[in-house]
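Comments concern the structure below.
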Protein chains: 2
Amino acid sequence: MSDLNKPYILIVEDEAPLVTLLRYNLEKQGFRVEDTGDGGEALTRITEAPPDLLLLDWMLPTMSGIELCRQLRRRPATRALPIIMLTARAEEQDAVRGLDTGADDYITKPFSTEALIARIRALLRRSGSVPQKLKLNFHDISLDPASHRVIRNGRALHLGPTEFRLLEFFLRHPKRVFSREDVLNAVWGRDIHVEPRTVDVHIRRLRKAINGPGEVDIVRTVRAAGYALDLDLGEVA
Amino acid sequence: MSDLNKPYILIVEDEAPLVTLLRYNLEKQGFRVEDTGDGGEALTRITEAPPDLLLLDWMLPTMSGIELCRQLRRRPATRALPIIMLTARAEEQDAVRGLDTGADDYITKPFSTEALIARIRALLRRSGSVPQKLKLNFHDISLDPASHRVIRNGRALHLGPTEFRLLEFFLRHPKRVFSREDVLNAVWGRDIHVEPRTVDVHIRRLRKAINGPGEVDIVRTVRAAGYALDLDLGEVA
DNA sequence: CGCTACCGTCACAGCACTGTCACGGAACGC
DNA sequence: GCGTTCCGTGACAGTGCTGTGACGGTAGCG
């Protein structure tokens, strides 16, 4: 299956002819395409295997596009998923509301194929469209989301569930500082309430777990700001 | 100046009436707006103080919008800068090419203000809910807000939290003199009360932190006025 | 049921950082 | 020149932030 590495686009649209047209053009452009006409089914499929980009129709039978969009934006896992809304020209007002709800872009029917593809490319380029399944690594550490395994310098590490998610999150955004609030939202979930200092404790447990004797600390503390996955270089050559 | 911390939008457009309209609406939305009709000038201004978002007209006198866009995309510092292109309806084909060149979105004239603002919000939200992501640099110093790192001449500097915010503020408005009150409002916050002289002390700490031996002082004292991030040349050329 | 692994919270200590002051020197006006 | 205003500098006490160990609670499992 060579197309497992292609960018994966999910079309949520119930007009069959339009789907056929889109599928044809997008596959010609080298995308892997799946589709569904049902909002609920879309939600489960996205949960199972999040696409790199979502083409979302405004009018849907079971669940409206905007509602689906809202639900996706509530989940940490799909918060950054690029979404393009498809609307009829007359519904442009709603489309504007759609953007504020969380869609990244919209396009009005009828549209030219080139315009759509250009927008898709722009969005994918921006979101760095790297397939999500790859192993994550930084410095001498490696995390495999599929097998749920973490390795540093050849030796396997044992992490608790939260430590694992924490490390995975940091590995996805290396060298970037996150406040305790950011970390809570991303790792614990948007509407869970825990004390910000809890992050400190788990950072400590993570450090203890991944830092063997004589190994450098990969987690950098930035006072009054948060934490980052980064080498704590005091000086540079 | 209460708007120094607002998201900063640069408009590159030579039709004065349109600029006036845009400026009015965007400022009402809480953005700080600057504009220029010249592509070359835009480039220098972006280099000096990168905006959070760029509104870019396709037709420009000296340098075409698409050329400006291409140049910006070539530089690492502005590669992620969100760009919205403004084009006339008839030029839609070009706009598509514009997207492939590196613009993030385009909108065809005439457009509704709400549609534009919605797109702006979507872009700013996507580029990190905190609208500050681009690296800032001046002379031989570089500050990365994302990784919270400051580098001068290849060596990493260690700054305290306040020193960091202070430097970041000055880097966003280089070569501009700010009174102690301005600095307090922007860096400490509008309703925090501290003695104006406190700024002096932190300026000193900042100087000590960033000025290595044999390096020029980047912070210029303007007697009876305040401070500026600028090379201290004894006399004007 | 008891055991284990893990989680969230807290208290406390150490230390980096902060705001303020006093002093002396520099810059300026006359 | 002198007086005044302004700024650089070092010191210092108070504050706030983080690392750390400990503790009670819970879910899963045999």
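Quick note: numbers below take in every heavy atom, side chains included, and nothing from hydrogens, waters or symmetry partners. Only a predicted model underlies this, so the values are computations on that prediction, with no experimental measurement involved. So that the names make sense, note that chain A is the first sequence line, chain B the second, and so on, each numbered from 1.
Summary for the helix from C/dC1-D/dG30 to C/dC30-D/dG1: the axes at its two ends, each from 5 pairs, differ by 30° when rounded to the nearest 10 degrees.
Here A/Arg155 pairs with A/Glu215 under the side-chain hydrogen bond (donor to acceptor under 3.5 Å, both in side chains) rule; sequence neighbours left out. Scored by the side-chain contact (heavy atoms from CB on, under 4.5 Å) test, B/Asn211 finds B/Arg152, B/Arg207, B/Asp217 as partners (sequence neighbours excluded). For A/Thr198, there are no side-chain hydrogen bond (donor to acceptor under 3.5 Å, both in side chains) partners two or more places apart in sequence or in a different chain. By the side-chain contact (heavy atoms from CB on, under 4.5 Å) test, B/Glu27 pairs with B/Arg23, B/Val33, sequence neighbours left out. Among residues two or more places apart in sequence or in another chain, the side-chain contact (heavy atoms from CB on, under 4.5 Å) test is passed with B/Val222 by B/Val177, B/Arg220, B/Ala225. The salt bridge (charged side-chain N to carboxylate O under 4.0 Å, His left out) check on B/Arg197 picks up B/Asp200, with sequence neighbours excluded. With sequence neighbours excluded, the residues satisfying side-chain contact (heavy atoms from CB on, under 4.5 Å) with A/Ser147 are A/Asp144, A/Arg149.
Sorted by first and then second residue, the ring pair (Phe, Tyr, Trp, His ring centres under 6.0 Å) pairs involving residues 205-228 of chain B (not counting sequence neighbours) form an empty list.
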Practice problem: Sugar-phosphate means primed atoms, P, OP1 and OP2; the rest is base. With that split, encode nucleotides 17-30 of chain D 5' to 3' as B, S or - using protein heavy atoms under 4.0 Å. | Solution: BBBBSB--------
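Without hydrogens or angle criteria, B/Asp52 side chain to B/Tyr8 main chain gives a donor-acceptor distance under 3.5 Å.
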Which pairs of donor and acceptor atoms, one on a side chain in residues 162-169 of chain A, lie under 3.5 Å apart (sequence neighbours left out)?
unit_1: A/Glu163; atom_1: OE1; unit_2: A/Gly160; atom_2: N; d: 3.1
unit_1: A/Arg165; atom_1: NH1; unit_2: A/Val187; atom_2: O; d: 2.9
unit_1: A/Glu168; atom_1: OE2; unit_2: A/Arg172; atom_2: NH2; d: 2.9

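Of all nucleotides in DNA chain C having an atom under 4.0 Å from a heavy atom of chain A, the first and last in 5' to 3' order are C/dC6 to C/dC17.
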